[in-house]
Peer 1: 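This is the structure I want to talk about, given as structure tokens.
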2 protein chains.
Amino acid sequence: MVEPHRSPLNRARVLEAAIALADEAGPDALSMRSLSARLGVVPMALYKHVADKDDLVSGVIDTVVSRYPAPDAGLGWRESVRYRVHAARAALERHPWLRSGILQATRQSPAVLAHLDAVAGDLARAGFSYDLIHYGMHALGHRVWGFAPEAFSPAPGAAPAPAPDPAQLAALAAAFPHVASIAADSTARNPAGACDDDAEFDFGLELLLDAMERLHAAGWVSR
Amino acid sequence: MVEPHRSPLNRARVLEAAIALADEAGPDALSMRSLSARLGVVPMALYKHVADKDDLVSGVIDTVVSRYPAPDAGLGWRESVRYRVHAARAALERHPWLRSGILQATRQSPAVLAHLDAVAGDLARAGFSYDLIHYGMHALGHRVWGFAPEAFSPAPGAAPAPAPDPAQLAALAAAFPHVASIAADSTARNPAGACDDDAEFDFGLELLLDAMERLHAAGWVSR
DNA sequence: GAGTCAGGTGTACGGCGTACACCTGAGCTA
DNA sequence: TAGCTCAGGTGTACGCCGTACACCTGACTC
């Protein structure tokens, strides 16, 4: 019945399959049941390799983050941090579900810690105080993972603008004039209509790096 | 059998009960079934007042956000924005589940739009260009909702440090020296040990407001 | 007095994570 | 060689979830 000598599962193969499944079908499709089906195995078999669902997604995050490339050693702190953040952003583009995974996983993972440690190390080597590094990284927030903390569209995979009829749209513009003006200004500048995600992301990133540079030079101390 | 003339449900009462339930038992306990039980009604009855679960949580968010107080009209743009952001933060403290709700809800809500519009309005009245307002609010990100985009502990309600044994801790410190140094520096400054969330939040907020002020004065334009 | 209809009911389906008992076969030891 | 251990896969079951669909009921209208 069983394939002769089907090599036994292990954690790495489970995680790899989970990544592939999420890539193909999105984060919601990553269930213990569908994953086990993909591996030709019964759902409970996964629990021999993974403590629970949370451990699974933490492991997936860990696997992906552990593959972030490292910047050249010779780079300045700013280029180095930027490189790491953009590397995270690039991974996010290849695995859009990563965002929800990072938001969902609760177990701390070595690779995740290593990424944070590396960013902190870039700053420490440049002479930043750990006090400033600490506060600065909190200010950076999710940006160190390559995505901005969006206040607008919480779910980036949701319905893409349900074609609002003009009357409704006019009412909206009247009720929320400033939001409407932002939209108008934005489409005037970029007729394609959508936000320029990359530009906005880099705007925020450089803003914060600038600020940290200035505070470092000024000998900032907390409180 | 039924209570005589039990007043019929309506959307507002459903949302109010949902808020109370979330306050008492957390966001995970807010299910259609438990909510209906609380209202003495069968689960499907809720669907007469709410389109689906997502509509429920969107409605809850809308209700809470619509109660954010408004700053005095005479305030400067900076005080006004700060007031709104801190008002959101205060609401978050009263309803910790709000964070997960905001992250989870996908339907756009009038109150949410109004909050964003109000912040944008504060800036617009001070003469900021909509271009800068747009980019600036993206940089602010979730901070306009009163919570920082945490890169460290994704789930603020999770296990509170599982008392790691010293050997393990030393190994961690060796593997992640910069993270360890940050922790050491932080506990040296604040023997209580924990991060000073408020100080970190305000640090990031003021950083961004400073930057926006400077860019505005310099006549910044995107691209 | 018949019709409409808002609002509450009951049943059911298909999904989820996972506890628990069990089986199986390879590898070791006596 | 007989028996043991034990890692790894199985099968069944439970309790939860959101919600589709058909139904009932009682108030209000023409």
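Throughout, a chain's letter reflects where its sequence line sits, starting with A, and its residues are numbered from 1.
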Peer 1: Tabulate protein N/O versus nucleotide N/O from nucleotides 20-23 of chain C, keeping only pairs under 3.5 Å, one per line.
Peer 2:
none

Peer 1: Any heavy-atom pair between the side chains of Leu15(B) and Leu56(B) that's under 4.5 Å?
Peer 2: yes
Peer 1: If the threshold is 4.0 Å, N to carboxylate O, is there a salt bridge linking Arg143(A) and Glu150(A)?
Peer 2: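 No, this pair does not count.
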Peer 1: Restricting to side chain to side chain contact (heavy atoms under 4.5 Å, CB included), what partner residues turn up for Ala17(A), sequence neighbours left out?
Peer 2: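 For Ala17(A), the residues satisfying side chain to side chain contact (heavy atoms under 4.5 Å, CB included) (neighbours in sequence not counted) are Leu35(A), Arg38(A), Leu39(A).
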Peer 1: Roughly, in whole Å, what's the span from OH in Tyr47(A) to C1' in dT12(D)?
Peer 2: 15 Å
Peer 1: Establish, from distance only, whether the side-chain atoms of His86(A) and Asp202(A) form a donor-acceptor pair under 3.5 Å.
Peer 2: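 Side chains of His86(A) and Asp202(A): pair found under 3.5 Å.
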Peer 1: Heavy atoms, side chains only, cut-off 4.5 Å: are Arg13(A) and Pro8(A) in contact?
Peer 2: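 Result no, sub-4.5 Å side-chain heavy-atom pair not found.
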Peer 1: Rounded off to whole Å, could you give me the CG-to-P distance for the Leu46(A) and dA7(D) pair?
Peer 2: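 These atoms are roughly 18 Å apart.
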Peer 1: In whole Å, I'd like the distance from the CG atom of Leu39(B) to the C1' atom of dT9(C).
Peer 2: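 Leu39(B) atom CG is separated from dT9(C) atom C1' by 15 Å.
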Peer 1: Using a strict cut-off of less than 4.0 Å between a Lys/Arg side-chain nitrogen and an Asp/Glu carboxylate oxygen, indicate whether Asp122(A) and Arg82(A) qualify as a salt bridge.
Peer 2: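 So Asp122(A) does not pair with Arg82(A) through a salt bridge.
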Peer 1: Are Ser34(A) and Ser31(A) linked by a side-chain donor-acceptor pair shorter than 3.5 Å?
Peer 2: yes
Peer 1: Identify all side-chain donor-acceptor contacts of residues 90-97 of chain A below 3.5 Å with residues at least two apart in sequence or on another chain.
Peer 2:
unit_1, atom_1, unit_2, atom_2, d
His95(A), ND1, Asp23(A), OD1, 2.7
His95(A), ND1, Asp23(A), OD2, 3.2
Trp97(A), NE1, Asp23(A), OD1, 2.7

Peer 1: Under 4.0 Å between a Lys/Arg side-chain N and an Asp/Glu carboxylate O for Arg11(A) and Asp55(A)?
Peer 2: yes
Peer 1: Between residues 49-63 of chain A and DNA chain C, which residues have a heavy-atom gap below 4.0 Å?
Peer 2: Asp52(A), Lys53(A)
Peer 1: Under the ring-ring contact (aromatic ring centres under 6.0 Å, His included) definition, can you give me all pairs with a residue in residues 100-121 of chain B, not counting sequence neighbours?
Peer 2: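 Of all non-adjacent pairs touching residues 100-121 of chain B, those that pass ring-ring contact (aromatic ring centres under 6.0 Å, His included) are Tyr68(B)-His115(B), His115(B)-Trp145(B).
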Peer 1: Please list, in numerical order, the residues of residues 17-34 of chain A that have a heavy atom closer than 4.0 Å to any atom of DNA chain C.
Peer 2: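 Only Ser31(A), Met32(A), Arg33(A) qualify.
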